Amino acid sequence: MTARGLHRLWRGLGWLGVVITLVVSLTPPVLDEGSGNTDKIVHLVGYATLMFWWAQLVTQKRWRLAVAVVLFGIIIEGLQGLTPDRQPDRLDALANSCGVLLGWLAACLFPNLPERLAALSALRR
């Protein structure tokens, strides 16, 4: 796969991640209320993954991406108040924001992943 093709695939999968996050966040919860803080870990990991994924494409002024992902999480929490099965939770928004920070740090440790994968693919040919 070419670098351009991998970049397009990466972007497409990133948008799929955004849609999945939105749908899962606004449909009836899968975890029951007695699951403790498991949902906070799910929020943390989900938003860390989202930030890490998109940070591979947005390499300049990543702080803008981080703000956008944090706002996305806050907006979703607000929208949950409009659904019959969900309610907004400030701790969820905090877990989302911590996940964004974690994803940003991971992207700093593993930069340019799509380009590296394309280079590996080219070496195997």
Side-chain angles (χ1 to χ4, degrees):
M1 179 175 282
T2 66
R4 182 179 168 106
L6 187 59
H7 184 81
R8 290 180 70 190
L9 177 63
W10 197 274
R11 183 176 301 278
L13 291 173
W15 282 114
L16 180 62
V18 169
V19 169
I20 289 171
T21 301
L22 184 62
V23 168
V24 168
S25 297
L26 296 177
T27 56
V30 177
L31 297 173
D32 62 6
E33 305 235 352
S35 63
N37 290 326
T38 303
D39 72 316
K40 304 305 181 256
I41 295 168
V42 170
H43 281 264
L44 180 84
V45 172
Y47 277 79
T49 303
L50 207 55
M51 179 64 190
F52 174 79
W53 196 270
W54 281 100
Q56 297 300 315
L57 299 175
V58 179
T59 57
Q60 301 291 320
K61 298 184 181 179
R62 277 192 183 146
W63 66 269
R64 289 182 180 177
L65 173 65
V67 168
V69 177
V70 166
L71 288 175
F72 178 65
I74 291 170
I75 289 168
I76 286 177
E77 286 301 316
L79 290 173
Q80 285 180 349
L82 303 175
T83 66
D85 301 311
R86 299 260 189 174
Q87 51 190 328
D89 185 346
R90 289 182 181 152
L91 293 179
D92 286 350
L94 179 61
N96 297 346
S97 300
C98 290
V100 169
L101 179 60
L102 186 64
W104 187 343
L105 294 174
C108 290
L109 292 173
F110 301 100
N112 306 318
L113 198 55
E115 286 81 11
R116 289 179 183 194
L117 292 173
L120 274 175
S121 175
L123 286 175
R124 290 186 178 170
R125 289 185 197 165

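Please read all numbers here as calculations on a predicted model, not as lab measurements. Hydrogens, waters and symmetry mates are skipped; everything else that's a heavy atom, side chains included, is used. One-based numbering along the sequence shown.
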Could you state the interatomic distance from CG (Leu26) to CD1 (Ile76), rounded to the nearest 0.5 Å? 6.0 Å
Rounded to the nearest 0.5 Å, the CG atom of Leu101 sits from the CG atom of Asn96 at a distance of 13.0 Å
Using the rule given for side-chain contact (heavy atoms from CB on, under 4.5 Å), can you reason through Ile20 versus Leu16, listing the C-alpha separation, both sets of side-chain angles and the distance that settles it, and then say yes or no? CA-CA 6 Å; Ile20 289 171; Leu16 180 62; 3.8 Å; yes
Mind listing the side-chain donor-acceptor pairs of residues 57-64 below 3.5 Å, one per line with the distance, residues two or more places apart or on another chain?
from  : atom 1 : to    : atom 2 : distance (Å)
Arg62 : NE     : Ala55 : O      : 3.1
Arg62 : NE     : Val58 : O      : 2.9
Arg62 : NH2    : Ala55 : O      : 2.8

Taking atom CZ of Arg8 as the centre, report whether more than 12 heavy atoms of other residues, nucleotides or ligands fall under 6.0 Å from it. no
I need the minimum non-hydrogen distance between Leu50 and Thr21, along with the two atoms involved. CD2-OG1, 4.1 Å
Stepwise side-chain contact (heavy atoms from CB on, under 4.5 Å) test for Leu91 and His43: CA-CA 10 Å; Leu91 293 179; His43 281 264; over 6 Å; no
Can you see which heavy atom on Gly103 is nearest to which on Met51, and at what distance? C-CG, 3.9 Å
Distance (rounded to the nearest 0.5 Å) between Trp53 CH2 and Leu65 CG: 14.0 Å
Would you please classify the geometry between the Tyr47 ring and the Phe72 ring as parallel, tilted or perpendicular, with 30° and 60° separating the classes? tilted
Rounded distance [0.5 Å steps], CG in Leu117 versus CG in Leu9: 10.0 Å
To the nearest 0.5 Å, what is the distance between CG (Leu120) and CZ (Arg116)? 9.5 Å
dist Leu79:CG -> Ile74:CD1 (nearest 0.5 Å) comes out at 12.0 Å
Nearest heavy-atom approach of Gln56 to Asn112 is OE1-N, 3.1 Å
Between Trp54 and Trp104, is the ring centre distance below 6.0 Å? no
Shortest non-hydrogen pair, Asp92 vs Glu77, comes out as CB-OE2, 3.3 Å
